[in-house]
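What follows is one structure encoded as structure tokens, with my remarks underneath.
Just so it is clear: chains get the letters A, B, ... in the order the sequence lines come, proteins before strands, and each one is counted from 1.
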Amino acid sequence: QTVVTQEPSLTVSPGGTVTLTCASSTGAVTIAHYPNWFQQRPGQPPMPLIYSTNIKHSWTPARFSGSLLGGKTALTLSDVQPEDEADYYCLLYYGRGQLVFGGGTKLTVL
Amino acid sequence: EVQLVESGGGLVQPGGSLRLSCAASGFTVKTYYMAWVRQAAGKGLEWVSVIYSDGNTYYADSVRDRFTINRDNSKNTVFLQMSSLRVEDAAVYFCASSLGGALIDIWGQGTMVNVSS
């Protein structure tokens, strides 16, 4: 069974920069996994942020960016704002219709 | 406006069945792939199932042989038929789709399923 691993929690100061990562139990994450990132606030459905590794949706703030980093996919938040405090999930595609979410990262802005 | 609205959630006993619906507006479900994703209380997101525009369907191991995804093009609605429900199937079930290049770029608000005796 494929497992996608994220940091369970991270803390960042307002105005700071933080990188969240997403690793696959099957090996290196590549563009063929079409990495997607989502932000979820309590009681809300997830909001798409990034797709195909590093493409922002039209509504995604410029301070969010995606990349591949050391065999993982990463989401970097620059100039972090208080409203960025939320849960973040990555999503990877494994072929034959199979999608797997990461376990999620709880980001605290403190 | 592009929108997904789920319905059909509720309380069911273990071993029971339930059918969830996802009504789409602003686009046609037969043109795009439609997925179900669930989230147990306080837990992370779990992909459940997907139906592609060609009709092919795929399931997570945890629900294969118990859940069935299908669609009614005339109603522009996707369904998730859930049977042999277990306590661990209790979750908010989200309907989702991709209208662009993302794996998922639109989500419904979710419908809650409780499985308890």
Neighbour count above 12 (heavy atom, 6.0 Å) for Ile31(A) CD1: no
Sub-4.5 Å side-chain heavy-atom contact between Glu46(B) and Val100(A): no
Most chain A-contacting option - heavy-atom pairs closer than 4.5 Å, from Phe94(B), Tyr59(B), Trp47(B): Trp47(B)
More than 12 heavy atoms from other groups under 6.0 Å of CG on Asp65(B): no
Exceeds 12 heavy-atom contacts within 6.0 angstrom, atom CD of Glu83(A): yes
Contact summary for Tyr89(A) and Lys43(B), nearest pair of heavy atoms: OH-O, 3.7 Å
Largest heavy-atom contact set with chain B, pairs under 4.5 Å, which of Pro46(A), Ser52(A), Gly102(A): Pro46(A)
Greatest number of heavy atom pairs closer than 4.5 Å to chain A - which of Ala96(B), Gly44(B), Gly100(B), Ala102(B): Ala102(B)
Phe79(B)-Ile69(B) co-clustered via ILVMFWY side chain contacts under 4.5 Å: no
Evaluation steps, side chain to side chain contact (heavy atoms under 4.5 Å, CB included), between Gln40(A) and Leu45(B): CA-CA 10 Å; Gln40(A) 188 180 33; Leu45(B) 300 170; 4.2 Å; yes
ILVMFWY network linking Ile50(A) to Trp59(A), side-chain heavy atoms under 4.5 angstrom: yes
Side-chain heavy atoms of Phe101(A) within contact of Ile104(B), under 4.5 Å: yes
Residues, nucleotides or ligands: over 12 heavy atoms within 6.0 Å of Tyr34(A) OH: no
Per-residue contact mode, Val37(B) against chain A (heavy atom under 4.5 angstrom): side chain
Spatial distance of atom OG1 (Thr2(A)) from atom CG (Asp61(B)) [nearest 0.5 Å]: 8.5 Å
Hphob cluster co-occupancy, Val2(B) + Met34(B), side-chain heavy atoms under 4.5 angstrom: yes
Distance in Å, Leu99(A) CG paired with Ser49(B) OG, rounded so as to fall on 0.5 Å steps: 10.0 Å
Contact check, side chains of Pro48(A) and Trp107(B), non-hydrogen atoms, under 4.5 Å: yes
Tyr58(B) OH to Arg96(A) CZ distance, which is reported to the nearest 0.5 Å: 5.5 Å
More than 12 heavy atoms of other groups within 6.0 Å of Lys30(B) NZ: no
Hydrophobic cluster membership, Val92(B) vs Val78(B), 4.5 Å side-chain cutoff: no
Side chain, backbone, both or neither of Leu92(A) within contact of chain B (heavy atoms, under 4.5 Å): backbone
Heavy-atom closest pair, residues Gly108(B) and Pro45(A): O-CB, 3.3 Å
